[in-house]
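Structure first, commentary second.
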There are 2 protein chains.
Amino acid sequence: MKKPERVTETILNHWREAVPNDRLAHLVKDATRGLTRALQSRLATEGVSFGHWVFLRILWEKDGLTQRELSLEAGLMEPTTFSALVAMEKLGYVTRRKLPHSRKNVYVFLTEQGRALKAKLVPMAEEVNRIAIAGLPASEIATTRRVLLTMIEHLARDEAAQDQGGN
Amino acid sequence: MKKPERVTETILNHWREAVPNDRLAHLVKDATRGLTRALQSRLATEGVSFGHWVFLRILWEKDGLTQRELSLEAGLMEPTTFSALVAMEKLGYVTRRKLPHSRKNVYVFLTEQGRALKAKLVPMAEEVNRIAIAGLPASEIATTRRVLLTMIEHLARDEAAQDQGGN
DNA sequence: AAAGAAAACTTAGAACCCTAAACATTCTCA
DNA sequence: TGAGAATGTTTAGGGTTCTAAGTTTTCTTT
């Protein structure tokens, strides 16, 4: 048997202590882990992996995208996208087709099976979100959203600057 | 040559659009990725991997911990900790020793080399933090910290509940 | 004191994401 | 129009983390 309560307490006490300024990164990372784990365990009940969820969500909005476009939307590198989509094709969620006007691009379309997953999976993500932010004022969520977006922006600019100047 | 600016713009535009409520998770995850990448590229200049940084930081505060204790502090599973520490021992950053009073526990101590990394690495983490939160009011950072902590708490409780009730 | 539970470590195997580089196709422009 | 740049996909390989299960040691309880 596990003793999840004790573990939970240890993790939380860890965070309630004096938290030096440079540990915001650690906090963001832990939140990601919590969110990922919560969704992952729910998706698993339908046999869907977290990595595939990312692409399904994009494709439900709009399919027929190229792998490059999917990479940008998902914020992942091409090889990551490539291997996920090959696996998803094998599972019957998507098809990967070259269209007549280009022999270079690979266009990705949902199958019926892939499209049908939406009805089961989306409520799972909504539940996780609901649990995570329960009781928090909308204004604080909005602030958090803005802060995170600003951080992402700053870090993306830093990365771009390093790619340029740092050679 | 890359074109990092265009990629950056695509990522940021993506986020500035109408963001449905359930995408807070996505935002948190992107922030983690940005923070991780920024620190990772800096650590790489000293030949240190991100996974090792996590444990070095804990050990600089207090060494002589067991692997189990390190797992809890780092918020990682035991096998993750185990393989990181074996690698770190091979690199000469730490030693793993059994002490006379227990043949079960493995205690981890920094070597001189491991301890010496602190002076070079900590400023890198501080720089990343500074870049990320530049210009943001302290009050908004504090709110973000509180919101993230609450989310972690909710998700940890949910996970514990599932372990218990869910068989 | 011995059986069984618990704790700590280790092994095995998989998922996910990355960088670097090769390859194929398309575009640009001199 | 043809050389080189740019774009998009694919291959190869590595890092980080996880779950599941095995081993060893220690603790608990009768």
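Order of the sequence lines sets the chain letters (A, B, ...), proteins ahead of strands, with each chain counted from 1.
- Looking at Thr32(A), its side chain does come within 3.5 Å of a backbone N or O of Val28(A) through a donor-acceptor pair.
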(request) Mark up nucleotides 24-29 of chain D, 5' to 3', with B wherever a protein heavy atom is under 4.0 angstrom from a base atom, S wherever such an atom reaches only the sugar-phosphate, and - elsewhere. (result) -BS---
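- Residue pairs meeting the salt bridge (Lys or Arg N to Asp or Glu O under 4.0 Å) criterion with at least one partner in residues 74-89 of chain B, sequence neighbours excluded, are Arg68(B)-Glu78(B), Glu89(B)-Arg96(B).
- In this structure, Val106(A) shares a hydrophobic cluster with no other residue, the cluster being traced through Ile, Leu, Val, Met, Phe, Trp and Tyr side chains under 4.5 angstrom apart.
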List, with names and distances, any nitrogen or oxygen atoms from the protein found under 3.5 Å away from nitrogen or oxygen atoms belonging to nucleotides 12-19 of chain C.
| unit_1 | atom_1 | unit_2 | atom_2 | d |
| --- | --- | --- | --- | --- |
| dC16(C) | OP1 | Ser49(A) | OG | 2.9 |
| dC16(C) | OP1 | Phe50(A) | N | 3.3 |
| dC16(C) | OP1 | Gly51(A) | N | 3.0 |
| dC16(C) | OP2 | Ser49(A) | OG | 3.4 |
| dC17(C) | OP1 | Lys29(B) | NZ | 3.3 |
| dC18(C) | OP1 | Arg37(B) | NH1 | 3.2 |
| dC18(C) | OP2 | Met77(A) | N | 3.0 |
| dC18(C) | OP2 | Thr80(A) | OG1 | 3.1 |

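- Partners of Thr81(B) under the side chain to side chain donor-acceptor pair (under 3.5 Å) rule, at least two apart in sequence or in another chain, are Ser71(B).
- Rounded to whole Å, the distance from CG on Leu72(B) to C1' on dA7(C) is 12 Å.
- Atom CZ of Arg96(A) and atom P of dG8(D) are 16 Å apart (whole Å).
- Counting Ile, Leu, Val, Met, Phe, Trp and Tyr side chains that sit under 4.5 Å apart, directly or through other members, Val86(A) shares a hydrophobic cluster with Phe82(A).
- Through chains of ILVMFWY side-chain contacts below 4.5 Å, Tyr107(A) is grouped with Leu99(A), Phe109(A).
- Between Trp53(B) atom CH2 and dT16(D) atom P the separation is 14 Å, expressed in whole Å.
- To the nearest angstrom, C1' of dC23(C) lies 15 Å from CD of Gln67(A).
- Across the protein-nucleic acid pair, Leu43(A) atom CG and dT19(D) atom P stand 15 Å apart, rounded to whole Å.
- dT7(D) atom C1' lies 12 Å from atom CD of Glu69(A), rounded to whole Å.
- Applying the salt bridge (charged side-chain N to carboxylate O under 4.0 Å, His left out) criterion to Lys120(B), with sequence neighbours excluded, gives Glu46(B).
- Qualifying side chain to side chain donor-acceptor pair (under 3.5 Å) partners for Arg97(B), counting only residues two or more places apart in sequence or in other chains: Thr95(B).
- If you measure from atom CE of Met88(B) to atom C1' of dT16(D), you get 14 Å, rounded to the nearest angstrom.
- Atom P of nucleotide dG15(D) and atom CG of Leu39(B) are separated by 17 Å, given to the nearest angstrom.
- Judged by distance alone, the side chain of Glu69(A) and the main-chain N or O of Thr66(A) form a donor-acceptor pair under 3.5 Å.
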